[in-house]
There are 2 protein chains.
Amino acid sequence: MKSQATRVSLLHHGLNVLSVYGLSGVTLGRLAEAARLSKSGLFAHFRSKEQLELALLDEAARLAHTHVVEPAMEAPAGLPRLRVLVERWLGWASRAGLPGGCPVAAALFELDDREGEVRDHVAALEQEWRALLRSLTASAAALGHLRPETDVDQFVWDLCGIYLSHHASARFLRDPAAETRARHAFDALLRRAGAALPS
Amino acid sequence: MKSQATRVSLLHHGLNVLSVYGLSGVTLGRLAEAARLSKSGLFAHFRSKEQLELALLDEAARLAHTHVVEPAMEAPAGLPRLRVLVERWLGWASRAGLPGGCPVAAALFELDDREGEVRDHVAALEQEWRALLRSLTASAAALGHLRPETDVDQFVWDLCGIYLSHHASARFLRDPAAETRARHAFDALLRRAGAALPS
DNA sequence: TGGAAAATAGCACGACCGGTCGTATTATGG
DNA sequence: CCATAATACGACCGGTCGTGCTATTTTCCA
């Protein structure tokens, strides 16, 4: 069962590399060095580079789940839960201890014009995530926290725009106003959907 | 003066590779093969890989200028010009003949956690672009097409979110509704800023 | 048209890539 | 406590990376 421990360590170091350098920057040599393991020792845990990438993406999703989804699920259903989720979503990577940005967001722009299993996996993760956003939004509407005729798909699409714009302005432009901008945009989106003003 | 011609050819092929594979995917060997030139013949045109990357980014900006900014400048100042700009901006890369997505948007997520001249160059291009957006938005407000108290910075920030969300949903998710979603979001943004309904 | 100058090709380099193999070490179940 | 299977190691494979150096070809002007 020592294998499990080193695998955890590999995924941990791999996520650090991934969040900074992107999928194409996760190299067997680099990861082996970061995890203080020989390249071949590392390779025994993942039968190929592609398997490693898939495992890292899953680990990123798992990390996001514990840092974003789980806390949100403790809030009351409807708008409060949606609010907490968005609050935890924006900039979650830093709060989860990653040295770089959100690996999935980066993959969205890194793999957009390529084919293959890795791309498909990212697409599945992203669709899963958007389904969750839709579900929480629809709940908020069903509970009367948002206008019942709210266009849920459009709402989620706009929300993703806020996330991406926040990521770009916070991580790339390093604009200290990123948080404020995102909050204003989210408030405007909620207002447009008929939400009551925040407490 | 034959050098100029091959340089143009190199930049052209380089942009194709860049838009699909990102900055890290632009490799001397790959580009040399695409341009039917020897690796060393190519290398003579750019004294280093970094110089090549900078030249490619500039070429991308030049291409965007002719395909996005110039057509917009022919529209009447104020809101009409802003509308044309946004119309031309979303999905401009495909319309400009690139096989992939917007190189700058991809670079925003590829280089966000790295340092160096290339990152600085992308940052400069992006700031320049956002300054243009701010300028056109402020003009629209000054001309009474938008509410005078419009928060220009927030408006531009939201606009960038629409662009990024459109890029992600159109290029990565390949959602055919991307155009509609972006149009709705932009209309809502304009309405919120007090614009008259579109013709 | 000849000859200087510019442009391109050829080649070699060290580093690193993903991946394989045989061996040594280590952990664990009987 | 030992046999055995799991785990990690070092060396190495064929390729490609970016980058120099040196020929060779091509272009351009006098």
Side-chain angles (χ1 to χ4, degrees), chain A residues 1-18 20-57 59 103 107 110-111 114-119 121-122, chain B residues 1-18 20-59 103 106-107 110-111 114-119 121-122:
Chain A
M1 288 299 152
K2 205 61 188 169
S3 164
Q4 210 69 9
T6 62
R7 188 187 165 94
V8 165
S9 159
L10 285 173
L11 289 176
H12 173 250
H13 288 100
L15 263 193
N16 287 352
V17 178
L18 173 61
V20 170
Y21 296 100
L23 275 167
S24 75
V26 179
T27 218
L28 294 180
R30 218 199 298 250
L31 177 49
E33 188 183 15
R36 255 180 279 264
L37 209 68
S38 75
K39 222 172 48 161
S40 45
L42 184 166
F43 198 77
H45 287 266
F46 310 92
R47 282 167 303 187
S48 72
K49 172 91 187 307
E50 197 175 54
Q51 290 299 314
L52 168 62
E53 293 176 350
L54 296 177
L56 284 177
L57 286 167
E59 178 67 7
E110 184 177 355
L111 305 178
R114 273 170 264 184
E115 306 299 329
E117 208 171 328
V118 180
R119 193 207 129 91
H121 201 72
V122 175
Chain B
M1 290 299 151
K2 202 60 190 170
S3 165
Q4 210 68 10
T6 61
R7 187 189 166 94
V8 165
S9 160
L10 285 174
L11 289 176
H12 173 249
H13 287 101
L15 263 194
N16 287 351
V17 178
L18 173 60
V20 171
Y21 296 100
L23 275 167
S24 75
V26 178
T27 219
L28 293 181
R30 207 186 326 230
L31 178 49
E33 188 183 15
R36 254 179 280 265
L37 207 70
S38 74
K39 220 169 56 158
S40 47
L42 184 166
F43 195 76
H45 286 267
F46 311 91
R47 283 167 302 183
S48 73
K49 172 90 187 307
E50 197 175 56
Q51 288 299 313
L52 168 63
E53 292 177 350
L54 296 176
L56 284 177
L57 287 167
D58 280 336
E59 179 68 8
E110 185 177 355
L111 305 178
R114 276 170 262 185
E115 305 300 328
E117 208 171 330
V118 179
R119 194 208 129 91
H121 201 71
V122 174

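These numbers come from the heavy atoms of this one structure, side chains and all, not from hydrogens, waters or symmetry mates. Numbered from 1 within each chain, the chains take letters A, B, ... in sequence-line order.
- Comparing A:L28 and B:A44 by the nucleotide of DNA chain C that holds the closest heavy atom to each, the one mapping nearer the 5' end is B:A44.
- Interatomic distance, B:E33 CD to B:T27 OG1, rounded to the nearest 0.5 Å: 11.0 Å.
- With rounding to whole Å, A:R47 atom CZ is found 15 Å from C:dG19 atom C1'.
- Between A:L52 and A:L28 there is a side-chain heavy-atom pair separated by less than 4.5 Å.
- The shortest heavy-atom contact between B:L54 and B:E117 is CD1-OE2, 3.7 Å.
- Residue B:S40 has its side chain nearest to C:dG10 when only C:dG10, C:dC21, C:dT8 are considered.
- Taking every side-chain heavy atom of A:T27 into account, C:dC17 is the closest of D:dA8, D:dG20, C:dC17.
- A heavy-atom distance below 4.5 Å is not found between the side chains of B:H121 and B:V118.
- For the pair B:F46 and B:E53, the minimum side-chain heavy-atom distance is 4.5 Å or more.
- With hydrogens and angles left out, the side chain of B:S38 and the base of C:dG10 share no donor-acceptor pair within 3.5 Å.
- Within the 4.0 Å cut-off from OP1 or OP2 of D:dA8, at least one side-chain nitrogen or oxygen of A:H45 is found.
- Residue contacts for A:L42: at a heavy-atom cut-off of 4.0 Å it reaches no nucleic acid atom on any strand shown.
- The distance between atom CG of B:L52 and atom P of D:dC17, rounded to the nearest whole Å, is 13 Å.
- One interatomic measurement links the two molecules: CD of B:Q4 to P of C:dA6, which rounds to 14 Å at whole-angstrom precision.
- Taking only distance into account, the side chain of A:K39 meets the base of C:dG19 through a donor-acceptor pair shorter than 3.5 Å.
- Note: CG (B:L31) to P (D:dT16) measures 16 Å, nearest angstrom.
- Remark: P of C:dG18 and CG of A:L23 are 12 Å apart, rounded to the nearest angstrom.
- Rounded to whole angstrom, the span from the CZ atom of B:F43 across to the P atom of C:dC13 amounts to 18 Å.
- For the pair A:K49 NZ and C:dT20 C1', the computed distance is 17 Å after rounding to whole Å.
- The nearest whole Å value for the distance from the CZ atom in A:F46 to the P atom in D:dT7 is 12 Å.
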